[in-house]
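Comments concern the structure below.
Residue numbers run from 1 in the order of the sequence given. For the numbers below, each heavy atom of this structure counts, side chains included, while hydrogens, waters and symmetry mates do not.
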Amino acid sequence: LKGEEVLVDSGSTLSLIPHRIFNFIASIFTFYCQDKTKCLGIMEKTQTTICWKALITDNKFYDSFPNIYFSVNKENNEFIQWKPKEYLIK
């Protein structure tokens, strides 16, 4: 989503993002997780949160989710990679 500002604070358990971006990410997860071999666990969704509860070992659970990439500078192909172990918190 071009032109949106996001605060990613790696020092806390929360990332504050606008609803528009949250809804966009949520829609991608909804599509991605339709494959029964992905997003292993039980999903609990509210209007402002999405939570998965692991039912299997940590590695298999995390490996079933996608990496998320945020573009920082498209011209120089710079991005931030957010791995499941980083965005899924216990």
Side-chain angles (χ1 to χ4, degrees):
L1 294 168
K2 199 172 190 177
E4 293 288 338
E5 293 183 13
V6 176
L7 169 67
V8 177
D9 177 6
S10 62
S12 73
T13 58
L14 299 174
S15 294
L16 304 174
I17 58 176
H19 281 255
R20 182 173 168 222
I21 294 175
F22 174 83
N23 291 336
F24 178 73
I25 293 171
S27 70
I28 290 174
F29 267 86
T30 299
F31 177 77
Y32 181 87
C33 295
Q34 287 178 354
D35 182 334
K36 300 298 181 195
T37 65
K38 298 178 179 168
C39 306
L40 303 177
I42 297 174
M43 183 181 76
E44 295 177 355
K45 187 175 180 180
T46 70
Q47 197 171 22
T48 58
T49 63
I50 300 174
C51 180
W52 274 272
K53 292 186 177 183
L55 300 176
I56 56 176
T57 63
D58 281 355
N59 286 341
K60 285 184 181 181
F61 177 71
Y62 289 125
D63 289 345
S64 71
F65 288 87
N67 292 331
I68 298 175
Y69 298 89
F70 292 98
S71 176
V72 177
N73 184 334
K74 195 171 186 177
E75 292 174 6
N76 293 331
N77 198 29
E78 296 173 355
F79 60 89
I80 296 171
Q81 179 182 9
W82 209 7
K83 296 180 180 181
K85 282 189 177 183
E86 297 164 352
Y87 67 78
L88 293 172
I89 54 177
K90 292 182 181 183

query = For the atom pair OG (Ser71) and CD1 (Ile80), what is the distance rounded to the nearest 0.5 Å?
reply = 9.5 Å

key: Nearest atoms (heavy-atom pairs only) where Gln81 meets Glu86   = O-OE1, 3.7 Å

query = So which heavy atom on Ile56 is nearest to which on Phe61, and how close?
reply = CD1-N, 3.6 Å

key: Apart from Tyr69 itself, residues in the same hydrophobic cluster as defined by side-chain heavy atoms under 4.5 Å   = Phe79

ask   = Can you list the residues that meet the side chain to side chain donor-acceptor pair (under 3.5 Å) rule with Lys36, with sequence neighbours excluded?
value = none

key: Any residue meeting salt bridge (Lys or Arg N to Asp or Glu O under 4.0 Å) with Lys83, in chain and number order, not counting sequence neighbours   = none

key: Beyond-backbone contact of Asp63 with Lys85, side-chain heavy atoms, under 4.5 angstrom   = no

key: Between Thr37 and Asp35: side-chain donor-acceptor atoms closer than 3.5 Å   = yes

key: Heavy-atom pair of closest approach, residues Tyr32 and Cys39   = CD2-SG, 3.6 Å

inquiry  = Using 0.5 Å steps for rounding, measure from the CG atom of Leu55 to the NZ atom of Lys60.
reply    = 13.0 Å

request  = Classify the ring geometry between Phe29 and Phe65 as parallel (under 30°), tilted (30 to 60°) or perpendicular (over 60°).
outcome  = tilted

request  = Could you tell me the separation between the CH2 atom of Trp82 and the CG atom of Leu88, rounded to the nearest 0.5 Å?
outcome  = 9.0 Å

inquiry  = So which atom in Pro66 and which in Tyr87 form the shortest heavy-atom distance, rounded to 0.1 Å?
reply    = O-OH, 2.5 Å

